[in-house]
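When reading the values below, keep in mind they use all heavy atoms of this one structure, side chains included, and skip hydrogens, waters and symmetry mates.
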Amino acid sequence: MAKPETGKPILPKARLPKGMRDVPAAEVRAMEKMLATIRGVYELYGFEPLATSAIEFTEALGKFLPDQDRPNAGVFSFQDEDEEWMSLRYDLTAPLARYVAENYDALPKPYRRYQTGSVWRNEKPGPGRFREFVQFDCDTVGTDNVAADAEICIMAADALEALGLKGNYVIKINNRKVLDGIMAVIGLSGADNFVRRLTVLRAIDKFDRLGSDGVRALLGKGREDESGDFTKGADLTEAQINPLVHLLEGTTFGVIMGSNFDAVNAWKNDPQFNVNEIYNSGIDELRRMAELTNAAGYQNDRIKMDSSVVRGLEYYTGPVFEAELTFDTVGDDGKPVRFGSVGGGGRYDGLVGRFRSEAVPATGFSIGVSRLYAALKQLGKLGADKALGPVLVLVMDKDRLGDYQKMASTLRQAGIAAEMYVGTSGMKPQMKYADKRGSPCVIIQGGDEKAKGEVTIKDLIAGAKAAAAITDRAAWTEGRPAQVQVPEGKLVEAVREILARHT
RNA sequence: GCCGCUUUAGCUCAGUUGGUUAGAGCACCAGAUUGUGGAUCUGGGGGUCCCCCGUUCGAGCCGGGGAAGCGGUACCA
């Protein structure tokens, strides 16, 4: 841009909004491969694809109704011409509920679909957490049979194993009814205890990270963390806290290390809680899920009952699942990286019902694709070798672009990725360009070759190796390693030979 | 939201007790080595020293306020 003499033009700053990310070529390719693997597993189970819009009416997403100015807490929202509030979707489940309600009569019941896409959350990003990220969901809508829940768990397990994570993950299962039942027994039922129940659930959810003492603090008076932030507790009495902590520690319900049946039976037989009806029905559902996953050949090294799983706070109504990676690695900064949860889900029998008078039970599982990608990368399961770039046809003589274009076309017709250099620089920059693009070879035809009806093909990969030994300028310019001259007609054949060497 | 740290070129960072036109390395671009990636040499483009206010003859540096980034924590449909 020209600078006026009086001063500089005010340029927009090239920057990306916080929490957003640009994804470079290698990652796009690896990500697509990963998504295709998951998709393959889901198709195998008979789930069908669905794509819904990224934008929904705010009302349809629920929860974040625009009350005053703009509902900017949590979701990205804006007003349409007719002043209706719209929002970017913050997950794939709420749009599914809307879709099912809108097309209810036409859909097969149960309706089983998978969907992947970006979702947006307008909140503070953190390490490994973005405001735009990709989820991969599968859901079964229209049945309250826990067979659907069990199936989703084994399907999630299959998907993770198809990605090479066998032995590095576990799907943990719990049931919200169990937790609700226990909370009823210790006197936390009823509408006036709603906030307290949420606080209790949050505390339980942190058991993994904070352990018994941390959870005790959160269930009682509260807890101050290392950075000086104080989290208000649920203000329970010791008598109320003890059963909850014992549940988490597995000392009351025993046998976390045993089979899923042992775990469920221990829970079932606990005299303190099995007087409660909700608790019993939750335990019963877990028992049936244990039977089904067991029958399918999934033991508790892959799918495991775990009393600390809570997941999101409000919309889950029954079984809840969480996929956790069970390995630690060392990150770029030398600190240990723990990936933890890479997906989760559960039964949400109330969501579709928001749109209809009759209840529509549903269950689903969502994979956090970006996070899973980061984990796979750390584990080296992505096939780190970068893709070869295109064969580059150099422009030696600017009057003969047609000839060069024809060579590129010939290569493409043979199924070889190729491009003619479309910049304006000389030969050396073109070589640098080819280098940067990762081209396996370049096609050179200047006046000399043209006169002989030949082309020179330089193998850049072999050339780089050969050149590494050269130190002086003369040897460099005259060496010209790893290149051959062939008749024009043998172009494709000669390029194929070089490609074969490098794949 | 709360706590802490940070902010000078695309990147990593220097910058004296406040003192002329703010520097380095790397990266980038161009040229030379006369048609070849590297090396070398020469040259070049790039800066609102995060912003505002104050102190001062004079602020990248001192004081106040703010913003943004990073990290932790909370929330997380």
Spacing between [X] atom [atom1] and [N] atom [atom2], to the nearest angstrom:
X	N	atom1	atom2	value
Arg400(A)	G35(B)	CZ	P	16 Å
Arg121(A)	C76(B)	CZ	P	11 Å
Met431(A)	G38(B)	CE	P	9 Å
Gln483(A)	G37(B)	CD	P	11 Å
Phe230(A)	G4(B)	CZ	P	18 Å
Lys432(A)	U36(B)	NZ	P	13 Å
Asp435(A)	C28(B)	CG	P	11 Å
Lys458(A)	G35(B)	NZ	C1'	11 Å

Which part of the nucleic acid, if any, lies within contact of [X], taking any heavy atom under 4.0 Å across all strands shown: a base, the sugar-phosphate backbone alone, or nothing?
X	answer
Arg209(A)	sugar-phosphate
Lys18(A)	sugar-phosphate
Lys465(A)	nothing
Gly426(A)	nothing
Ala464(A)	base

For the pair Tyr315(A) and Tyr348(A), name the ring-plane relationship: parallel under 30°, tilted 30 to 60°, perpendicular over 60°.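 If you compare the ring of Tyr315(A) with that of Tyr348(A), the planes turn out tilted.
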
Is [X] near enough to [N] that one of its side-chain N or O atoms lies under 4.0 angstrom from OP1 or OP2?
X	N	answer
Arg202(A)	C76(B)	yes
Ser425(A)	A30(B)	yes
Lys436(A)	A27(B)	no
Lys206(A)	C75(B)	yes
Lys428(A)	G37(B)	yes

Are any non-hydrogen side-chain atoms of [X] and [Y] less than 4.5 angstrom apart?
X	Y	answer
Leu248(A)	Ile204(A)	yes
Val141(A)	Tyr99(A)	no
Phe321(A)	Asp149(A)	yes
Leu218(A)	Thr231(A)	yes
Val369(A)	Gln135(A)	no

Any strand: nucleotide that pairs with [N] via Watson-Crick or wobble, under 3.5 Å:
N	answer
A22(B)	none
G63(B)	C53(B)
C75(B)	none
U6(B)	A68(B)
A39(B)	none

Suppose you measure atom [atom1] in [N] against the same atom in [M]; what distance do you get, rounded to whole Å?
N	M	atom1	answer
G46(B)	G23(B)	P	15 Å
U42(B)	U6(B)	P	39 Å
A24(B)	G19(B)	C1'	22 Å
G37(B)	G69(B)	C1'	37 Å
C49(B)	C11(B)	P	15 Å
G58(B)	G65(B)	P	23 Å
U20(B)	U73(B)	P	46 Å
A22(B)	C50(B)	P	15 Å

Could you tell me whether the side chain of Arg129(A) has a donor or acceptor atom within less than 3.5 Å of a complementary atom in the base of C76(B)?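 Checked by distance alone, the answer is yes.
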
Is Gln430(A) side chain donor-acceptor paired with the U36(B) base, going by distance under 3.5 Å alone?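 Under the 3.5 Å cut-off, the side chain and the base do not form any donor-acceptor pair.
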
If you check the Met396(A) side chain, which of U36(B), G38(B), G35(B) turns out closest?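 In terms of side-chain proximity for Met396(A), the closest of U36(B), G38(B), G35(B) is G35(B).
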
Will you find, in the side chains of Ser341(A) and Glu324(A), an N or O donor that is under 3.5 Å from an N or O acceptor?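 Looking only at side-chain atoms, Glu324(A) and Ser341(A) do not form any donor-acceptor pair under 3.5 Å.
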
Taking the six-membered ring of Tyr90(A) as reference, does the NZ or CZ atom of Arg121(A) fall below 6.0 Å from its centre and within a 45° cone about the axis? no

Side chain to side chain donor-acceptor pair (under 3.5 Å) between Asn175(A) and Glu285(A), worked out: CA-CA 8 Å; Asn175(A) 195 314; Glu285(A) 288 177 2; 2.7 Å; yes

Using a strict heavy-atom distance below 4.0 Å, which residues from residues 440-455 of chain A are in contact with RNA chain B? Ile444(A), Gly446(A), Gly447(A), Asp448(A), Glu449(A)

Can you confirm whether or not the ring centre of Tyr104(A) sits under 6.0 Å from the ring centre of Phe355(A)? no

When the nearest nucleotide of RNA chain B is assigned to Asp205(A) and to Lys124(A) on a heavy-atom basis, which residue is associated with the more 5' position?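 Mapping each residue to its closest nucleotide by heavy atoms, the 5'-most match is Lys124(A).
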
